Asks: 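Have a look at this one.
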2 protein chains.
Amino acid sequence: MDTIGSSTYKKIKRDIIFGELKPASKLKLDELKKNYPVSLSTIRETLNRLSSEGFVIAEEQRGFFVSPFSKEDLIEIANLRILLESYALNLSLKNGDTDWEGNLVAAHHKLSLIENKMDNKNKDIVESWKKYDWEFHLACIAACGSKNLISLHSNLFDRYLRYQIILLQFRGDEAIDEHNQIYNFSLKRDADSAIKFLKVHIEKGLEHALALFKEQT
Amino acid sequence: MDTIGSSTYKKIKRDIIFGELKPASKLKLDELKKNYPVSLSTIRETLNRLSSEGFVIAEEQRGFFVSPFSKEDLIEIANLRILLESYALNLSLKNGDTDWEGNLVAAHHKLSLIENKMDNKNKDIVESWKKYDWEFHLACIAACGSKNLISLHSNLFDRYLRYQIILLQFRGDEAIDEHNQIYNFSLKRDADSAIKFLKVHIEKGLEHALALFKEQT
DNA sequence: ATTAATCAATATTTCAAAAATAAATTATAA
DNA sequence: TTATAATTTATTTTTGAAATATTGATTAAT
């Protein structure tokens with residue numbers, strides 16, 4: 001079971017990542033109260049958490065805003081994700097045991113299933129694809145041995161994902177292939193190659209997003 | 001000027017870092033209200049922010065606790081700080097302009113002044129040493145060009161500092177020398193050597209803290 | 001016409017008090 | 001002793017209102 005607080009946290013965070021609350025838009029407390037039927041204090045607690053996590057900007061005495069989009073921000077987040085995820089992947093491939101390997105196989109299998117039936121822009125599927133995509137990347141680095149590293153990475157993953165989802169729904173075959181490469185080299189414990197394709201994976205998504213950046217705003 | 005919210009945030013965070021609120025201790029809302037004379041909602045907002053930042057643990061329906069100490073946690077944080085600060089330092093040494101260099105010289109000078117008159121365990125001085133130590137490390141990486149990187153690093157710096165301050169007040173001449181090495185190689189734009197001494201700097205502090213770990217709890 | 005100052009409207013911030021809900025403790029019965 | 005029920009305690013959530021700051025519009029002054 002969830003408390004009201006934690007479930008509205010999840011809802012608002014989700015709505016920011018999926019663009020239902022648009023980048024840079026003002027988060028008026030009264031209006032939020034209509035869409036998320038909880039009390040003001042609960043909403044303020046949620047927004048305070050989200051601002052610590054970079055999804056919301058809190059301007060003193062002026063209220064809350066969804067974090068805006070910018071090229072620079074996107075590039076920074078992509079590079080930080082590469083830095084942390086590469087580091088974690090390297091550790092994970094050194095330490096991963098049988099359980100880790102089993103989970104990775106399962107996560108990759110589930111992701112493959114959904115990626116193959118994804119004929120773009122099906123809203124329902126995008127949301128569950130997000131879930132399996134995340135679980136695959138998490139499974140890769142799960143054996144890195146550092147809870148703090150995983151939690152920092154999780155935050156960057158979500159912030160990167162927000163750009164990906166809002167700017168472009170899904171990148172298609174290219175991304176599927178990259179996932180396969182990361183997967184195969186991970187099972188071989190070939191850290192250098194796995195990291196190489198992880199970088200390609202994130203950088204390709206970055207390029208895609210940057211190209212679309214001006215079109216959408 | 002500060003809002004009541006942001007100034008209690010600073011106070012509570014400071015008290016956690018300096019150990020006035022002890023690791024793993026329960027943060028009862030009523031008691032906090034006595035020590036920090038603000039309303040319950042303000043306190044809860046603060047604790048929610050601090051829990052997103054890793055200083056506080058929020059257990060659903062069971063309240064808030066100061067994040068506990070553990071060897072594993074300390075090691076993880078030290079390694080993450082090395083990872084992020086090395087990365088940032090490397091970028092900064094590539095990009096730093098005249099202003100950056102001037103600020104670094106100033107920051108190092110101020111730090112030197114205070115480090116030389118630090119005859120250990122003077123409580124007032126520890127607090128301003130923390131400030132100048134932080135400003136020196138920040139000055140080093142200031143030209144890295146990534147706001148997100150600096151803000152992630154700032155969080156890890158504070159969490160690492162909490163262990164350092166609570167476990168050992170000050171490490172003395174050794175640390176001063178390390179600061180000087182980082183400084184000198186930074187001015188020479190010798191990233192490899194600067195990073196090498198940065199690692200030594202953090203790892204020595206880590207060893208020190210780990211050695212003392214059992215004595216204090 | 002532009003700038004400054006004033007006033008009203010709007011929104012955020014903060015507080016206080018109480019109802020709802022869950023956890024922890026104690027007392028009771030098997 | 002164990003399990004269950006009742007009590008106490010603490011957190012979570014809501015409500016409503018007061019204090020404070022910002023915004024926008026109106027008016028006055030340069």
Side-chain angles (χ1 to χ4, degrees), chain A residues 1-16 19-70 151 217, chain B residues 1-16 19-70 151 217:
Chain A
M1 257 300 159
D2 264 351
T3 61
I4 292 180
S6 71
S7 77
T8 57
Y9 164 79
K10 285 177 194 165
K11 275 182 208 154
I12 294 184
K13 182 174 167 185
R14 185 207 150 279
D15 289 348
I16 291 175
E20 261 125 69
L21 295 168
K22 298 211 180 83
S25 64
K26 174 116 212 244
L27 294 167
K28 286 198 185 171
L29 299 170
D30 284 339
E31 297 194 1
L32 286 177
K33 223 169 93 175
K34 288 170 195 161
N35 298 328
Y36 309 89
V38 295
S39 76
L40 220 132
S41 10
T42 305
I43 288 178
R44 284 185 58 86
E45 285 180 21
T46 301
L47 296 180
N48 273 298
R49 282 174 70 183
L50 290 171
S51 88
S52 279
E53 296 169 15
F55 297 101
V56 161
I57 304 291
E59 284 190 36
E60 216 132 277
Q61 312 283 21
R62 297 197 52 254
F64 300 91
F65 303 80
V66 178
S67 292
F69 270 8
S70 79
S151 110
T217 302
Chain B
M1 257 300 155
D2 264 350
T3 61
I4 292 179
S6 71
S7 77
T8 57
Y9 164 78
K10 286 178 193 163
K11 275 182 209 153
I12 294 183
K13 181 174 166 183
R14 185 206 152 279
D15 289 348
I16 290 176
E20 262 125 69
L21 295 168
K22 296 210 181 83
S25 65
K26 173 113 210 246
L27 293 167
K28 285 200 185 171
L29 298 171
D30 285 338
E31 297 193 2
L32 286 177
K33 222 169 95 173
K34 287 169 195 158
N35 298 328
Y36 310 89
V38 294
S39 76
L40 221 130
S41 13
T42 304
I43 289 178
R44 284 185 58 86
E45 285 180 22
T46 300
L47 296 181
N48 272 297
R49 284 174 68 181
L50 290 170
S51 88
S52 279
E53 296 169 15
F55 297 100
V56 161
I57 304 290
E59 284 190 35
E60 216 132 277
Q61 312 284 22
R62 297 198 51 256
F64 299 90
F65 304 79
V66 179
S67 293
F69 270 8
S70 79
S151 112
T217 302

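The chains referred to below are lettered A, B, ... by the order of the sequence lines, with proteins before strands, and numbering in each begins at 1. Remember, it's a predicted structure, so these values are computed and weren't measured experimentally. All values below were derived from every heavy atom in this structure, side-chain atoms included, with hydrogens, water molecules and symmetry-related copies excluded.
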Asks: Counting just side-chain N and O atoms, does A:Thr3 come under 4.0 Å of either OP1 or OP2 of D:dT11?
Replies: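 Answer is no, no contact under 4.0 Å.
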
Asks: Could you check A:Thr42 against A:Gln61 and say which one's nearest nucleotide on DNA chain D is further toward the 5' end?
Replies: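 The 5'-side residue here is A:Thr42.
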
Asks: Using only side-chain N and O atoms of B:Lys26, determine if any of them is under 4.0 Å from OP1 or OP2 of D:dT11.
Replies: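 Yes, because at least one side-chain N or O of B:Lys26 sits under 4.0 Å from OP1 or OP2 of D:dT11.
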
Asks: Between P on C:dA11 and CD on A:Glu31, what's the gap in Å once rounded to a whole number?
Replies: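 Between P of C:dA11 and CD of A:Glu31: 8 Å.
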
Asks: Just how far, in rounded Å, is P of D:dT12 from CG of B:Asp30?
Replies: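 After rounding, the reported distance stands at 12 Å.
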
Asks: Is there a side-chain contact between B:Asn48 and A:Ser52 in this structure, where contact means two heavy atoms from C-beta onward sitting under 4.5 Å apart?
Replies: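 Heavy-atom side-chain distance check fails, nothing below 4.5 Å.
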
Asks: Which heavy atom of B:Val56 sits nearest a heavy atom of B:Phe64, and at what distance?
Replies: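 Closest pair (atom of B:Val56, atom of B:Phe64, distance): CG1-CD2, 3.9 Å.
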
Asks: Under 4.0 Å from OP1 or OP2 of C:dA16: is there any side-chain N or O of B:Ser41 that close?
Replies: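 Result: no.
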
Asks: Nearest whole angstrom, please: distance from the C1' of D:dT23 to the CD of A:Glu59.
Replies: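 Taking atom C1' of D:dT23 as the reference, CD of A:Glu59 is at 14 Å.
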
Asks: What is the distance, rounded to the nearest whole Å, between atom NZ of B:Lys33 and atom P of C:dC15?
Replies: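 The answer, rounded to whole Å, is 9 Å.
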
Asks: Between B:Arg62 and C:dA24, is there a side-chain N or O to OP1/OP2 distance below 4.0 Å?
Replies: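 For C:dA24, OP1 or OP2 has a side-chain N or O of B:Arg62 closer than 4.0 Å.
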
Asks: Take the protein atom CG of A:Leu40 and the nucleotide atom P of D:dT12, then report the distance between them rounded to whole Å.
Replies: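 It is 18 Å, rounded to the nearest whole Å.
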
Asks: For C:dT13, take OP1 and OP2 only and decide whether either is under 4.0 Å from a side-chain N or O of A:Arg44.
Replies: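 Indeed, a polar side-chain atom of A:Arg44 lies that close.
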
Asks: Measure the shortest side-chain to side-chain distance between B:Val38 and B:Thr46 over non-hydrogen atoms and say whether it is less than 4.5 angstrom.
Replies: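 Side chain of B:Val38 against side chain of B:Thr46, heavy atoms only: no contact under 4.5 Å found.
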
Asks: Contact between A:Glu60 and B:Asp2 at the side-chain level, heavy atoms closer than 4.5 Å - yes or no?
Replies: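 A:Glu60 vs B:Asp2: side chains touch.
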
Asks: Under 4.0 Å from OP1 or OP2 of C:dT14: is there any side-chain N or O of B:Ser39 that close?
Replies: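 For C:dT14, neither OP1 nor OP2 has a side-chain N or O of B:Ser39 closer than 4.0 Å.
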
Asks: Rounded to the nearest Å, what distance is computed from the CG atom of residue A:Asn48 to the P atom of nucleotide C:dT12?
Replies: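 Checked: the CG to P distance equals 13 Å.
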
Asks: What do you reckon, is NZ of B:Lys22 surrounded by more than 12 foreign heavy atoms closer than 6.0 Å?
Replies: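 Open.
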
Asks: Closer than 4.0 Å, any side-chain N/O of A:Lys28 to the OP1 or OP2 of C:dT12?
Replies: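 A:Lys28 to C:dT12 OP1/OP2: no side-chain N or O under 4.0 Å.
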
Asks: Taking atom C1' of D:dT12 as reference, at what distance in whole Å does atom CZ of A:Arg49 sit?
Replies: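 Spelled out: CZ on A:Arg49 to C1' on D:dT12 is 14 Å.
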
Asks: Could you tell me the separation between the CD1 atom of A:Ile43 and the P atom of C:dT12, rounded to a whole number of Å?
Replies: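 Checked: the CD1 to P distance equals 11 Å.
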
